[in-house]
Structures are given as structure tokens and as C-alpha cells.
Amino acid sequence: MDNTLTQNLNVNQLDAVMHKDGPALIIAGPGSGKTRVITSRIAWLIINEKIPIQEIAALTFTNKAANEMKNRIFHMLDIPPIKFLPNIGTFHSFCAYLIRENHNILNLDKNFAIYDSYDQTAVIKRTLDELNLDNKLYKPRVVLSIISGAKSKIQNPETYQKNISTAYAKNIYEIYKIYQQKLIQSNALDFDDLLMKTFEMLNSNQEISNLYQEKYKYLLIDEFQDTNLIQYSIAKLIANKTNNIFVVGDPDQSIYSWRNADITNILNFKSDYNKSKIIYLNKNYRSSQNIIDASQAIISENATNYSRQITAINEKGNLIISIESYDENEEAEIISKEINNIISSDKIQLKDIAIMYRTNAQSRAFEHYLSSLQIPYQLVGGTRFYQRQEIKDIIAYLRLTLNLNDDTSLLRIINIPTRGIGKSTIDKIILYANKSNISILDAATILSDVDEDNEISKILSNGPKKHVRSFLNLITDINNKSQTFSVEEIITYIIDKTNYKNYLLSSLTNPEERLENIEELISSINNFESEGGENKINLFLESVSLINDVDNLNDEQDKLTLITLHQSKGLEFDSVFLTGLEDGTLPHVLSFDSENEMEEERRLMYVGITRAKRRLYLSRVFKRGGWGKSELKEPSRFLFDIPNELIVGHQVNIHKEVKNNIIKKKESKIENNLPSLTAGNKVKHPHFGKGIIIQIEDSKDDFELTIAFDENKGIKKFLYTMSGIVKL
DNA sequence: CCAGAGAGGATTTTT
DNA sequence: TCCTCTCTGG
Ligand SMILES: Nc1ncnc2c1ncn2[C@@H]1O[C@H](COP(=O)(O)OP(=O)(O)OP(=O)(O)O)[C@@H](O)[C@H]1O
């Protein structure tokens, strides 16, 4: 067997890599080589078991992880990179591939669109309008997260309906139903549908499931602790024949439960595959002993602490440096200067350093100071490139060249740039489309027809009709050209014909920057590598929806990384600055009144600490600006759990009482405010019975609760202290 | 129909 | 603070 493959593995890792057939569960702490094991195992299967790479499905959490895995495998095998390898990727991209391959069976056109959260919100808003529901009561964000929750538990509208009782939930069901109809009408899928459709297809179509069960002889899943029920169910279906399912995860690094990731998948795995081999890896190769000691001190405080002790193979190393600054500006200033110091005194480069934080908004101060000190950085996350207004506009035009039923894209640009099609015209078109169950484009075509003379033809008057017709001609023209043009030519044509530049310059802020963004869009399409051919736009648009910001992190350029703790999962840096370690920032305020969420915040801190190889900085401020006002902050409760002897600098007072006071203060604040009620809670009213809180508003010395009651008792408002409401 | 002003509401993490 | 929605006057 090939040395290079095995020489860098310890005994347990080897055991996992060379595991024979059958299920295996690898539970392992941070930096213990989980990713290395998965990668080596794939190479081992290919080299020793002679399994073709196309017959191994390896699913990761991010595209970046998948790409790194692929590159390392190509390197290990010493073969040139294979460009199209959809069987190694994220769950979502893998599912998108399976769906594309079988679009006929699913009654989808092959050029289906994938809707991102903006598109989803637009569909929900239209749905609410159609159902005449108030979007203050049914907030699109909330509705979408309920729908997404249902989908990740494999509930379609009908199965969702079976488990509900409140009037509020019944309306959610109505919304869910219409929302799905609109997606179908638009030949579009949302993120969760990629999983739903794949599950349905594998679950109900024997022929298809046989096909893939035979094709994918080995299935490997990374970051298993952050998979949800539907993902695990898809995995079980694929591995149904061979039982060759190999999952790797760390329950203590589970940080996506708010996105329905479900740690019980790990427990269920043990019972679903009771013959499963279980391997624990407990040596940390990444970090210094001090860093690991601090991480263990943090995580061991969790009541549901899954971890086995991990031990660092590295030396004690540097002490952890603790910094308290006055406010976020000083924090950014001190850290920026410190970064300048360490890159000039130490041998490390900017790309070995990361600044991490809980919320994207915290990056602002850093960006400001880093620019002023001319320290190059790459910001991960935030407003993503493909979500910018001008980019979404162009993408909407592009999507229409593939899919004229894409109502959301059509409505997005029907009056962009403004072309005399105003709200009332659009409303009439939408109404007619809804009534007749046809696409917006078809409705617009019918309503703008001049030759007819009947009721329908009177819906729009002549002025608007003319504008709509010229818009439709524009779309037809672009689509005709798209048959023969290259992608770059199509975009140029769109910009040209719509006078988009003019619109940017006259109507939007920062037109120069936006023009540059469009240039960048064109060049990223040109660089886009795929099987090529006619599929190019299609695959490009798919990647636009599925590819994330971290995926573009590159370490070829020597730049500092600014990143959220969530996105840092799986990465490693020589030096890490964990910032904003205040109670209210990390742990975030919104997790104060939930034990589970508080534990997840702690895991987030744990993930952050364990990203660092040699240097770790823990930074907090005394005062942090929120929106408009600024607040005094106390050190994060987590800081008190790290032994003093591991730390130099501005230490927190280690006395447990201080920590307890901080926690108590927060708790009593919540109590004075409200009995930890939030929207979505189930409550009981002495007179009206059970219901769900849909809104809480401040009201002098009291709180006004808006509650939706079961059955047909409707929606009512109460003052909290007068209502006799109790939480269920 | 359109643009711009002003009010008001909401603020975590993202495939 | 920033984004979204609504209103107003042209
Ligand atoms: N047997 C080994 N010998 C030397 N170095 C190793 C060994 N195993 C792993 N490493 C190194 O340890 C570091 C962490 O490995 P890897 O990223 O695979 O861990 P992980 O378990 O996936 O971590 P995490 O869960 O924290 O993302 C990497 O730099 C890797 O190269």
C-alpha cells in the first residue's frame, strides 16, 4: 500500500481510513484529523479497493471543504484535477445534481431556478398579498423559517397540516401550500426543496433509488453533527444497499441547530446501524497545549457535554492574550496594531491570521482600521456579492433566458430600469395571473394584447399596455439573442438594451462601485469552469445560488481573514483573534433565555478557540455601540471558565461570584421585562384557551401581547399584566 | 407613473 | 444604524 497515504496517520486514524465495508461512526474533537481521515479514506478506497472516484459520494458542509478535499485527493492520487465531480460536494449541490439528472421524473424543466432567501421572501410576500394576510402578523422571515423547519423534518404542506392546531399555524399551512404552488409555477426550487425533492425521488421511485444505491458504493459524510433529519434520511436511502456509510463529526462543534441541524442524528446512527464501528480520535494536532486546555475548560461546563477529553500533541506554547478595550473602535485599533506587530516580529503572514466575531456587523470597525493601516484583508460573509442589487438585477435577466416562468425574476426587473410599468399595472397583472393560474409573463402577454376587444383587454389601459408590450419584446429579443450569444455577450446586450448603466448613474447610490461589480460578474462567468457547452449559464446560475462566501476564501493572496465564528468551522489559522467576548455579544442576547441556545453559544466559543494553532487572543470591550445608542458591557460569562494561569493581559476577575452576578443580573433583567415570553411561544389564556404569541410590543409599564388562539377564536391583543396569560 | 422624503420598525448565526 | 414601506407633489 502507498506510504504517502498512511505515513501521516496515527493508529486510530488508520483504523478509520482502512475500515472495511459496513457502517462507521467517527467521533472526534477539533483538530484531531477528521478531515484528514475522510480525505485519506477516499484515496485509500480508490487506490486499494479500486473503487472509481465517481462511485464514492462524499458530502461536506461547505463547497470550500469539498474543493480542498478534491484537490488533496487529486494530489494524493497524482492525477490531473477532474473538473466536474458532483459526487463530492455539499448536500445541496449533490442533490441539485441528482435533481438535474432526473428532472423529467420530477416534472421539472431542466433549467429550473434555485431561489435564494431574497427570492423566497418575494414569493412569500406575493403569497401573503394573495391570501390577504397581514405581513406584520405573518412576517416573511418567520414564515420562511417555519416552512424551512417543516421541510427539514420532511413535512410537505399536507403532512405539516396534520401536526398543527392553532389558527395561526393553519394560516401558515395555507401560505406554505400556495408558496409551493408558486415555486412549481415558476419552475423553481428553494434550498430545502433540493433536499425534499431528492428525498421524495429516492423514497418513492424504486428504479431511481436502485440506480444510485448501486452507483454510490461508498458514502462519506463530514460534519455529521450539523446535518438535519432530511439530510440523514437521504444518506440512509443512498446507503441502503451497501450499508457503506461512514460519518464523521463532533457533537461539541454542533453550531447550526437554529438551522434545524439535529445532533440526535448521531444517536440515531448508533441505533440505526447497531453493528456500526465506532472510532474515537482524541489527539489534537493543531493547537498548543494551552489553547487546548482553555478549550476544554470552556466546553466541559456544558451540561450536555459530549466530548471526551482531547489531548494536545503540541507543547504548551504561548499564553493566551486577553485584551479589554474601551469600545469597538479601540478594539479594532489595538488589534490592527497588534497584527502589524506580529507580522513584523514573527515569521507569520497575514493569511495565517483571522479575526473572528459573532455577528457580521462587528466587522465594520475592523474594516475601517485595517484600511487605514493599509492591512489587506478578505471579508467573509456580510452582504454577499451575489445578493447585491445590481447583481441580482442582471442575474434576474439571465435567469429569464433559461426559464420564462421564473415569476420572481420577472417581477424583479419588470420595471427596472423604470419603464413606465407602475405598481397598479403590476398588481393587475399579478391578480390576473393568480386567477388564471398562469405565469406572470403569460398574464402580461394577454393583458397587453391590443387586437382583442373584450373584458380582459380592458383591464389595462393603452398607455401601460404599450409599456408592457415593449418590455415583453425586450425579453423576447434578449432570449432570441441568448440562443447564439456567449454569456458575456448576453450580459453586455442586456445592459445595452435596457440602458442599465444610465439607470445606475441616475438612480442608485455608488454607481461606480456597482459598475465594477457588474464587470466582476462578467469576469467570474468567464472564469467559470464546468463541463462547458450549452449548460454553462445553467450551471453558473446554480453555483451562484449554492456557493458561499467562505468557498471563495483563498490563501494564495496574503490577506488577513475577517470571519464569523459560524463560518470559521473547519478552518485553522496560526493566530486567531476572538473578538466581542462580552455578555450579550457572545453569548448573544437572544440566547439568554434558552438553555439550549446558551449551550450552543458556548460551543461557538469552543469552535473559535480551537481554530488557533499557536496564538490566541481574547478580546472584549467595555462599551459597545448598538444601533444609535451604545451599551456598557460585561465580560462574557465564558471567559470566567478559563484558568487564570493560561492567560496574560487584561484578565477577568476569576471569582465565580463575579460571573454569577453577571448571569443573575441578566436573568433578573429578563424577569423584569417579561416572563421570558417571545413570539412563537405557546400560551394559555383563562378565557380563550390555548394560543400562540405572534407579537410583543412595549407599552407603558407593561407589554402588549398579540395572541392567535386556536380554532376560530381569532387574534386578540392583551396587556400582559392584566391578561392572566401563562406560558405552556 | 415616479422620485424623493420621512416615518417606523427591526436588529444572530447561513446551505 | 440601516432598511423598508408609505405618502406626497409633480
Ligand atoms: N496524524 C497526524 N499527524 C500530523 N498532523 C496531523 C495528523 N492528523 C491531522 N493533522 C493535522 O492537524 C490539523 C487538523 O486536522 P483536520 O483539519 O483534519 O482536523 P479536524 O478534526 O477536521 O478538525 P476540526 O474538527 O477542528 O475542523 C491539520 O493541520 C492536519 O494537517
Side-chain angles (χ1 to χ4, degrees), chain A residues 59-66 89-96 114-118 120-121 125 135-136 139-142 144-145 148 151-152 189-195 223 226-228 230-231 254-261 356-362 364 380-384 387 389 415-427 461 463-464 466-467 503 506-509 542-543 545-551 563-569 580 584-592 594 597 600-601 603-605 607-608 625-630 679 695-698:
Chain A
L59 304 180
T60 59
F61 193 75
T62 62
N63 290 290
K64 180 182 163 64
T90 61
F91 262 100
H92 293 267
S93 63
F94 179 63
C95 289
I114 298 174
Y115 278 4
D116 68 15
S117 53
Y118 282 65
Q120 289 178 286
T121 308
K125 284 183 182 158
N135 64 10
K136 299 258 153 44
K139 299 207 172 97
R141 290 163 41 101
V142 175
L144 277 171
S145 89
S148 170
K151 287 180 178 175
S152 54
L189 300 177
D190 69 17
F191 286 124
D192 301 300
D193 283 342
L194 294 172
L195 305 174
E223 308 279 11
D226 277 323
T227 54
N228 59 27
I230 192 168
Q231 290 171 325
S254 155
I255 52 176
Y256 282 91
S257 73
W258 51 273
R259 219 179 64 189
N260 308 302
M356 301 183 183
Y357 37 78
R358 175 66 234 259
T359 63
N360 284 303
Q362 288 168 253
R364 287 197 83 190
V380 181
T383 312
R384 301 218 192 88
Q387 295 183 345
Q389 197 177 344
N415 199 31
I416 286 181
T418 45
R419 47 172 75 90
I421 307 178
K423 185 166 182 335
S424 68
T425 305
I426 295 173
D427 283 345
S461 46
K466 212 171 112 208
H467 294 133
Y503 163 74
S506 63
S507 311
L508 299 185
T509 54
E542 177 185 306
S543 82
S545 311
L546 297 180
I547 288 190
N548 176 296
D549 234 24
V550 224
D551 303 332
I563 194 169
T564 62
L565 286 162
H566 280 92
Q567 301 218 75
S568 77
K569 189 170 70 154
T585 314
L586 179 75
H588 197 272
V589 233
L590 296 181
S591 21
F592 279 169
S594 152
E597 283 176 41
E600 187 148 309
E601 296 289 301
R603 291 195 290 271
L604 208 42
M605 172 108 178
V607 168
W627 31 115
K629 55 182 187 257
S630 65
Q695 191 173 307
I696 300 180
E697 280 164 306
D698 264 321

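A, B, ... follow the sequence lines: proteins, then strands. Residue 1 opens every chain.
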Spacing between [X] atom [atom1] and [N] atom [atom2], to the nearest angstrom:
{"X": "Leu565(A)", "N": "dT14(B)", "atom1": "CG", "atom2": "P", "answer": "10 Å"}
{"X": "Lys423(A)", "N": "dA3(B)", "atom1": "NZ", "atom2": "P", "answer": "16 Å"}
{"X": "Glu223(A)", "N": "dT14(B)", "atom1": "CD", "atom2": "P", "answer": "15 Å"}
{"X": "Gln120(A)", "N": "dT14(B)", "atom1": "CD", "atom2": "P", "answer": "16 Å"}
{"X": "Asn415(A)", "N": "dA3(B)", "atom1": "CG", "atom2": "P", "answer": "8 Å"}
{"X": "Asp427(A)", "N": "dC5(C)", "atom1": "CG", "atom2": "P", "answer": "13 Å"}
{"X": "Gln231(A)", "N": "dT14(B)", "atom1": "CD", "atom2": "C1'", "answer": "12 Å"}
{"X": "Leu195(A)", "N": "dT14(B)", "atom1": "CG", "atom2": "P", "answer": "18 Å"}

Check the orientation of Phe61(A) and Tyr256(A). Use parallel for under 30°, tilted for 30 to 60°, and perpendicular for over 60°.
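Judged by the thresholds at 30° and 60°, the geometry between Phe61(A) and Tyr256(A) is tilted.
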
Phosphate contact ([N] OP1 or OP2) by [X] side-chain N/O below 4.0 Å:
{"X": "Lys136(A)", "N": "dC5(C)", "value": "no"}
{"X": "Asn260(A)", "N": "dT14(B)", "value": "no"}
{"X": "Asn360(A)", "N": "dT13(B)", "value": "yes"}
{"X": "Gln567(A)", "N": "dT13(B)", "value": "no"}
{"X": "Lys125(A)", "N": "dC5(C)", "value": "yes"}
{"X": "Thr564(A)", "N": "dT14(B)", "value": "yes"}

So how far is it from [X] [atom1] to [Y] [atom2], rounded to the nearest 0.5 Å?
{"X": "Asp190(A)", "Y": "Gln120(A)", "atom1": "CG", "atom2": "CD", "answer": "4.5 Å"}
{"X": "Gln387(A)", "Y": "Ser117(A)", "atom1": "CD", "atom2": "OG", "answer": "5.5 Å"}
{"X": "Leu189(A)", "Y": "His92(A)", "atom1": "CG", "atom2": "NE2", "answer": "12.5 Å"}

Would you say Arg364(A) has more than 12 foreign heavy atoms packed within less than 6.0 Å of its CZ?
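Atom CZ in Arg364(A) is not crowded, with 12 or fewer foreign heavy atoms closer than 6.0 Å.
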
Within the distance-only criterion (no hydrogens, no angle test), does the side chain of Glu542(A) pair as donor or acceptor with the backbone N or O of Ile114(A) below 3.5 angstrom?
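Absent.
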
Pairwise 5' ranking along DNA chain B for Ile426(A) and Leu604(A), keeping only the more 5' one:
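Whichever sits nearer the 5' end wins; that is Ile426(A).
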
Need to verify one output field. Residue with the more 5' nearest nucleotide on DNA chain B, Glu597(A) or His467(A)?
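The residue whose closest nucleotide sits nearer the 5' end is His467(A).
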
Kindly state whether the pair Trp258(A) / dT13(B) counts as stacked, where counting means centroids closer than 5.5 Å and planes tilted less than 30° apart.
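A stacking contact exists, since Trp258(A) sits close and nearly parallel to the base ring of dT13(B).
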
Just wondering, do His566(A) and dT13(B) stack (centres under 5.5 Å, planes under 30°)?
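His566(A) vs dT13(B): stacking no.
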
Under 4.0 Å, heavy atoms only, any strand: does [X] hit a base, just the sugar-phosphate, or nothing?
{"X": "Arg141(A)", "answer": "sugar-phosphate"}
{"X": "Ser93(A)", "answer": "nothing"}
{"X": "Asp192(A)", "answer": "nothing"}
{"X": "Phe91(A)", "answer": "nothing"}

Measuring from the side chain of [X] (C-beta onward, heavy atoms only), which nucleotide among [options] has the closest atom?
{"X": "Arg259(A)", "options": "dT14(B), dA10(B), dT12(B)", "answer": "dT14(B)"}
{"X": "Thr425(A)", "options": "dC1(B), dT13(B), dT1(C)", "answer": "dC1(B)"}
{"X": "Arg358(A)", "options": "dT12(B), dC1(B), dA3(B)", "answer": "dT12(B)"}
{"X": "Arg364(A)", "options": "dT1(C), dT12(B), dT13(B)", "answer": "dT1(C)"}
{"X": "Ser424(A)", "options": "dT14(B), dT13(B), dC1(B)", "answer": "dC1(B)"}
{"X": "Thr418(A)", "options": "dC2(B), dT12(B), dT14(B)", "answer": "dC2(B)"}

Distance check, P atoms only: dT13(B) and dT4(C), in whole angstrom units.
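Taking atom P in both dT13(B) and dT4(C), they lie 15 Å apart.
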
Any side-chain heavy-atom pair of Leu144(A) and Thr121(A) under 4.5 Å:
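Counting from C-beta outward, Leu144(A) and Thr121(A) do come under 4.5 Å.
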
